[in-house]
S.K.: 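Sharing a structure with you now.
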Amino acid sequence: MQAYLRRLLGTERISIVAPKQAGMSVEVEAGGEVIGTLHRDAEDGEVSYAVHLTILEEDLPPAAQPAPALISATSKRKR
């Protein structure tokens, strides 16, 4: 999974970390920071994996302000 995620995301900074205690989630780290969890599902003889990423709002850059709407030349015509 680690090799796949590194290739998919284009970075060697991704690491899969085994839980420290039984029953805990497997963690996905980027550069040493936990960014989510990895879950394995084995059902009907098929195995799949789900990655759940958690992004805190405080970690996001400020949202860009929308540009003011341009006023068209036709709407400026005097009536």
S.K.: Has the side chain of Arg6 got a donor or acceptor atom that lies under 3.5 Å from a matching backbone atom of Ile14?
M.R.: yes
S.K.: With clusters defined by side-chain heavy atoms of hydrophobic residues (ILVMFWY) lying less than 4.5 Å apart, directly or transitively, does Leu38 cluster with Met24?
M.R.: no
S.K.: In the single-linkage hydrophobic clustering (I, L, V, M, F, W, Y; side-chain heavy atoms under 4.5 Å), do Leu60 and Leu53 co-cluster?
M.R.: no
S.K.: Is it true that Leu8 and Ile55 fall in one hydrophobic cluster, defined by side-chain heavy atoms closer than 4.5 Å?
M.R.: no
S.K.: Is any side-chain heavy atom of Ile35 less than 4.5 Å from a side-chain heavy atom of Arg13?
M.R.: no
S.K.: Does some side-chain heavy atom of Val26 sit less than 4.5 Å from a side-chain heavy atom of Thr37?
M.R.: no
S.K.: Could you tell me if the side chain of Val28 sits less than 4.5 Å from the side chain of Val34, heavy atoms only?
M.R.: no
S.K.: If we only count heavy atoms from C-beta on, is the Val51 to Tyr49 side-chain gap below 4.5 Å?
M.R.: no
S.K.: Taking all atoms of both residues into account, what is the closest heavy-atom pair of Arg40 and Ala42, and its distance?
M.R.: NH1-CB, 3.8 Å
S.K.: Sub-3.5 Å donor-acceptor pair from the side chain of Glu27 to the main-chain atoms of Val17, do we have one?
M.R.: no
S.K.: Would you compute the distance between atom CG of Asp41 and atom CD of Glu46 and round it to the nearest 0.5 angstrom?
M.R.: 10.0 Å
S.K.: Kindly compute the distance separating CD (Glu12) from CD (Gln2), expressed to the nearest 0.5 Å.
M.R.: 8.5 Å
S.K.: Which atom pair, heavy atoms only, marks the closest approach of Ser25 to Pro19?
M.R.: O-CB, 3.6 Å
